[in-house]
Amino acid sequence: MPELPEVETTKNGLKKLLLNKKILKVEIRNPNLRWRVDDSIIFKLQSQTIQSFSRRGKYILFNLDRGHLMIHLGMSGNINVTDCPTSLEKHDHFLLYFNDRMMRLNDPRRFGSIFFLEDLNHKLLNSLGVEPLSEDFHSNYLYINSRKKSRNIKSFIMDGKVVVGVGNIYACESLHKSGINPKTKACNISRERYQNLSKQIQNVLRKAIKAGGTTLQDFAKVDGNPGYFSQELSVYGRENESCYKCNGKIRRIIQNQRSTFYCPICQK
DNA sequence: ACACTAACCTGCAAGC
DNA sequence: TGCTTGCAGGTTAGTG
């Protein structure tokens, strides 16, 4: 269920429930995720205490006594913390047991991933772009990095090597709020429009993280499914409905193998 | 260096 | 009712 706000919410929930907990047992029920989970992770994690949690892009980092557990939720991943014992569900692939509770990674499509890192110098982390809510994502960042980029603006802002955490929903939403047509070439967008776009990206993410906070209460529940769709979305999933801004008809097109929702009237 | 595709999976809803 | 099709919140490796 994860775009950046979901991951941030998940990370904060884990912090609440698992900080300073000692991992007593590790169980891999299905190692075939995006990358096969190596059995050696079991003894590497065992007996370690979780010192802190952090997030980089859509990766959740469990910072341990020695090394880090890094988890990505892919398209359909979800982490639950429950009392122990709990009846397991289909697609519960990876389990951590603590003295009085357990953590389950459930991921039907198995696009998620799990790694043990000795340190944070890892290929997948090193290739990530800036955090959208950090100072590095300043008003000129997108403008500067988009010069000579002929690809469309939507794929540009969804590129994790440019800026992390902007998934399909928030790419559509922030482009709509900025009044930018998603088909526009990244190099053809002015500095002024990029300043607006970066602000809209931050706004939409901050707002969603705040909304994710309400999800937090459900976090420990067995049936706790994040209420992601409670967002009020302006264009995403609203094909053929009317635009809140201009009453135009919202269209769905395919860009880079993904659905794009936009309003052809007010996104130019 | 850049742009774009195929690929990794399951589940669900819609259409026939 | 069952079958087929299309679609889903991500991201990498590979190709040209």
In whole Å, I'd like the distance from the [atom1] atom of [X] to the [atom2] atom of [N].
X      : N      : atom1 : atom2 : answer
A:N152 : B:dC2  : CG    : P     : 16 Å
A:N256 : C:dC7  : CG    : C1'   : 17 Å
A:L73  : C:dT11 : CG    : P     : 10 Å
A:N78  : C:dA8  : CG    : C1'   : 15 Å
A:H93  : B:dT10 : NE2   : C1'   : 9 Å
A:R147 : B:dA1  : CZ    : P     : 20 Å
A:M75  : C:dT11 : CE    : P     : 9 Å
A:I254 : C:dC7  : CD1   : C1'   : 9 Å

Counting side-chain heavy atoms from C-beta on, which of [options] comes nearest to [X]?
X      : options               : answer
A:K149 : B:dC2, C:dA8, B:dA7   : B:dC2
A:H91  : B:dA6, C:dT11, B:dT10 : B:dT10
A:Y59  : B:dT5, C:dT12, B:dA3  : C:dT12
A:K58  : B:dT10, B:dC4, C:dT11 : C:dT11
A:W35  : B:dA3, C:dT12, C:dG10 : C:dT12

- Message: Connecting only ILVMFWY residues whose side-chain heavy atoms lie within less than 4.5 Å of each other, what is the rest of A:L88's hydrophobic cluster?
- Response: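 Hydrophobic cluster check, A:L88: joined to A:L95, A:Y97, A:M102.
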- What ring pair (Phe, Tyr, Trp, His ring centres under 6.0 Å) pairs are there with at least one residue in residues 6-29 of chain A, not counting sequence neighbours?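 Output for this query is empty, none listed.
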- Query: Tell me the ring pair (Phe, Tyr, Trp, His ring centres under 6.0 Å) pairs involving residues 237-268 of chain A, sequence neighbours left out?
  - Reply: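 Qualifying pairs, neighbours excluded: A:Y236-A:F261.
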Using a heavy-atom cut-off of under 4.0 Å over every strand shown, decide if [X] touches base, sugar-phosphate, or nothing.
X      : value
A:K90  : sugar-phosphate
A:S259 : sugar-phosphate
A:G160 : nothing
A:S127 : nothing
A:R252 : sugar-phosphate
A:F156 : nothing
A:L124 : sugar-phosphate
A:R34  : base

- Contacts of type side chain to side chain donor-acceptor pair (under 3.5 Å), residue A:S259, not counting sequence neighbours: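 Partners of A:S259 by the side chain to side chain donor-acceptor pair (under 3.5 Å) criterion, ordered by chain and then number, come out as A:R252.
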- Quiz item: A:R110 side-chain donor-acceptor pair to B:dC9 base, under 3.5 Å: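 A donor-acceptor contact between them is absent.
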- No-H, no-angle donor-acceptor pair, A:R258 side chain to C:dA8 base, under 3.5 Å: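 Donor-acceptor pair under 3.5 Å: no.
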- Any side-chain N or O of A:S150 under 4.0 Å from OP1/OP2 of B:dA3?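 Yes.
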- Message: Check the phosphate of C:dG10 against A:K161, side-chain N and O only, distance under 4.0 Å to OP1 or OP2. Yes or no?
- Response: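 False: A:K161 side-chain N/O out of range (4.0 Å or more) of C:dG10 OP1/OP2.
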- Message: Distance check, P atoms only: C:dG14 and B:dC9, in whole angstrom units.
- Response: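 One P to the other, the span is 16 Å.
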- Query: Can you list the stems that DNA chain B is part of, where a stem is at least 3 pairs in a row, each Watson-Crick or G-U, with both distances below 3.5 Å?
  - Reply: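 In DNA chain B, stems of three or more pairs: B:2-8 with C:10-16, B:10-16 with C:2-8.
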Does the pair [X]/[Y] count as a salt bridge with the N-to-O cut at 4.0 Å?
X      : Y      : value
A:R101 : A:D83  : no
A:K249 : A:E241 : no
A:K21  : A:D100 : yes

With a cut-off of 3.5 Å and sequence neighbours excluded, list every side-chain donor-acceptor pair involving residues 57-64 of chain A.
residue, atom, partner, partner atom, Å
A:N63, OD1, A:H68, ND1, 2.7
A:N63, ND2, A:S52, O, 3.4
A:N63, ND2, A:S52, OG, 3.0
A:N63, ND2, A:S54, OG, 3.1

- Query: More 5' along DNA chain B: A:K148 or A:Q257, using each one's nearest nucleotide?
  - Reply: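 Residue closer to the 5' terminus by nearest nucleotide: A:K148.
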- So, do A:F111 and B:dC8 meet the stacking rule of ring centres under 5.5 Å and planes under 30°?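 Ring-base stacking flag set for A:F111 and B:dC8.
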- Query: Does A:R147 count as lying over the ring of A:Y143, i.e. NZ or CZ under 6.0 Å from the six-ring centre, within 45 degrees of the axis?
  - Reply: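 Relative to the ring axis of A:Y143, which defines the angle, A:R147 lies inside both limits.
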